[in-house]
Amino acid sequence: MSELYIRVAEDENEEPMEIPSEDDGTILLSSVAAQFPGACGLRYRNPESQCMRGVRLVEGVLHAPENDWGSLVYVVNYPKDNKRKMEEIDAASAVKVKRGFQKTSDLIVLGLPWKTTEQDLKDYFTTFGEVIMVQVKRDVKTGNSKGFGFVRFTEYETQTKVIAQRHMIDGRWCDCKLPNSKVFWAFPDEPMRSRKIFVGRCTEDMTTDELRQYFMQYGEVTDVFIPKPFRAFAFVTFADDQVAQALCGEDLIIKGISVHISNAEPKHNNIHQLFPNFPGGSASLAAMFDRSQYQFPSSHV
């Protein structure tokens, strides 16, 4: 007898799969189990009585009813206990996968008023959903707020909703964002340079005091540097690297001008690409980053 393909499905209402028969017209249970793990047999609905009938199984071999599989769709049998356990395992796995892809993260809250406390922060964000953690970052020495904090929610849906809008907290507009991955400098002796941001598209009438005042709304600013002669950019250093990284990639409006914020990475190749016409070339521009001319913070506040 030539090889036949028998239509087999896990349920009567599901699309069947074709299983190959053996040369003698039988089907190996192992062939069924290969496509339907845990299968222990087959059944089918009798066209005349409309009752379900079992397919004869002998030593791992399934035999066609009346020696003819016909065009029927055969349904897989599972041991009841095993099937229930498999369903429970699948359900648990689905929950784990869902949680794995929708795990909540700490959100950085930028632009907090100095007076805002952790209880104020919690009271506000609890209106969106269950809060796991809130924290207002403070200066170690003075205890004063640094103007930003962190919040974490139980539900991923709540996190998504909070990120999608601005927030009026204690009379001031604040933003909630996922902190960007930290991009550290390539030099091992300068691990905290990620606290520095590059402010591009600056205008000549912007002063260091004005830049400092503007960026203080996001967190404590430890330094502002505008190169001379003026080159349409500046550097701002924060006390906390997470604030700096959260701002990277943003376009901000300062004195009516849109400036772009990015990581301050003084790699010679990158500098040459950004400023190909700088007098003296990339080496001259890179000199502005040298510690002898520009002091970087040496410790994390």
Side-chain angles (χ1 to χ4, degrees), residues 108-116 136-149 166-177 179-180 183 185 190 192-266 270-271 274-275 277-279 284-301:
I108 186 169
V109 187
L110 299 171
L112 285 178
W114 308 118
K115 66 178 182 179
T116 301
V136 174
K137 295 295 288 184
R138 300 183 180 278
D139 185 273
V140 177
K141 297 179 180 178
T142 66
N144 295 331
S145 170
K146 292 184 177 183
F148 71 98
R166 301 196 76 194
H167 304 273
M168 178 64 73
I169 302 176
D170 288 340
R172 188 170 186 177
W173 284 110
C174 302
D175 294 296
C176 286
K177 301 181 180 182
N180 294 349
V183 180
W185 291 53
E190 296 168 346
M192 297 315 300
R193 286 188 175 181
S194 59
R195 292 183 292 172
K196 183 184 304 301
I197 59 173
F198 177 92
V199 186
R201 303 198 297 254
C202 293
T203 56
E204 198 164 0
D205 63 338
M206 293 180 185
T207 67
T208 56
D209 288 339
E210 288 172 336
L211 290 178
R212 181 187 298 274
Q213 187 64 34
Y214 177 85
F215 284 105
M216 280 179 61
Q217 66 179 302
Y218 299 106
E220 182 183 351
V221 175
T222 61
D223 204 354
V224 177
F225 176 65
I226 300 177
K228 294 181 180 180
F230 179 71
R231 294 294 171 183
F233 64 88
F235 297 97
V236 176
T237 305
F238 289 94
D240 195 297
D241 63 307
Q242 294 189 70
V243 177
Q245 293 304 302
L247 289 175
C248 289
E250 295 290 323
D251 290 305
L252 306 175
I253 304 298
I254 302 178
K255 299 184 68 174
I257 301 298
S258 175
V259 301
H260 183 71
I261 310 301
S262 59
N263 280 297
E265 299 183 32
N270 292 345
I271 294 170
L274 289 172
F275 308 100
N277 299 320
F278 189 85
S284 177
L285 180 59
M288 290 192 305
F289 295 88
D290 189 85
R291 288 183 178 273
S292 62
Q293 298 186 41
Y294 184 64
Q295 293 296 321
F296 290 90
S298 59
S299 62
H300 181 63
V301 178

Stepwise, does the side-chain contact (heavy atoms from CB on, under 4.5 Å) test hold for W114 with N144?
CA-CA 7 Å; W114 308 118; N144 295 331; over 6 Å; no
Treating [X] as the side-chain partner and [Y] as the backbone partner, does any N or O pair qualify as donor plus acceptor under 3.5 Å?
{"X": "K137", "Y": "G219", "value": "no"}
{"X": "T237", "Y": "T222", "value": "no"}
{"X": "Q217", "Y": "Y214", "value": "yes"}
{"X": "R201", "Y": "S258", "value": "yes"}

Is any side-chain heavy atom of [X] less than 4.5 Å from a side-chain heavy atom of [Y]?
{"X": "L247", "Y": "L110", "value": "yes"}
{"X": "F215", "Y": "V224", "value": "no"}
{"X": "D251", "Y": "V259", "value": "no"}

What is the minimum heavy-atom distance between [X] and [Y], and which atoms define it?
{"X": "E220", "Y": "D139", "value": "OE1-OD2, 3.5 Å"}
{"X": "A234", "Y": "L211", "value": "CB-CD1, 3.7 Å"}
{"X": "D175", "Y": "R166", "value": "OD1-NE, 3.0 Å"}
{"X": "G149", "Y": "L112", "value": "N-CD1, 3.6 Å"}
{"X": "V109", "Y": "C176", "value": "CG2-SG, 3.8 Å"}

Mind checking the [atom1]-[atom2] spacing from [X] to [Y]? Nearest 0.5 Å is all I need.
{"X": "H260", "Y": "C202", "atom1": "NE2", "atom2": "SG", "answer": "12.0 Å"}
{"X": "I197", "Y": "F238", "atom1": "CD1", "atom2": "CZ", "answer": "4.5 Å"}
{"X": "R231", "Y": "E204", "atom1": "CZ", "atom2": "CD", "answer": "10.5 Å"}
{"X": "F198", "Y": "N263", "atom1": "CZ", "atom2": "CG", "answer": "11.5 Å"}

For side-chain contact (heavy atoms from CB on, under 4.5 Å), just list the numbers for I257 and M206, CA-CA rounded to whole Å, side-chain angles, deciding distance to a tenth of an Å, and then say yes or no.
CA-CA 10 Å; I257 301 298; M206 293 180 185; 3.8 Å; yes
Given side-chain contact (heavy atoms from CB on, under 4.5 Å), test L252 with Y218 step by step and report yes or no.
CA-CA 12 Å; L252 306 175; Y218 299 106; 3.8 Å; yes
Over 60° means perpendicular and under 30° means parallel, so classify the ring planes of F235 and F233, tilted if in between.
perpendicular
Would you please test T203 and K255 for side-chain contact (heavy atoms from CB on, under 4.5 Å) and show each step?
CA-CA 9 Å; T203 56; K255 299 184 68 174; 5.8 Å; no
List the residues meeting side chain to side chain contact (heavy atoms under 4.5 Å, CB included) with K115, not counting sequence neighbours, and say none if there are none.
P113, D170
Could you check whether T207 and D209, counting side-chain N and O atoms only, form a donor-acceptor pair closer than 3.5 Å?
no
Go through the steps for D223 and K196 under the test salt bridge (Lys or Arg N to Asp or Glu O under 4.0 Å), then give the verdict.
CA-CA 9 Å; D223 204 354; K196 183 184 304 301; 5.8 Å; no
V221 and side chain to side chain contact (heavy atoms under 4.5 Å, CB included): which partner among R212, R195, K146, Q213?
R212
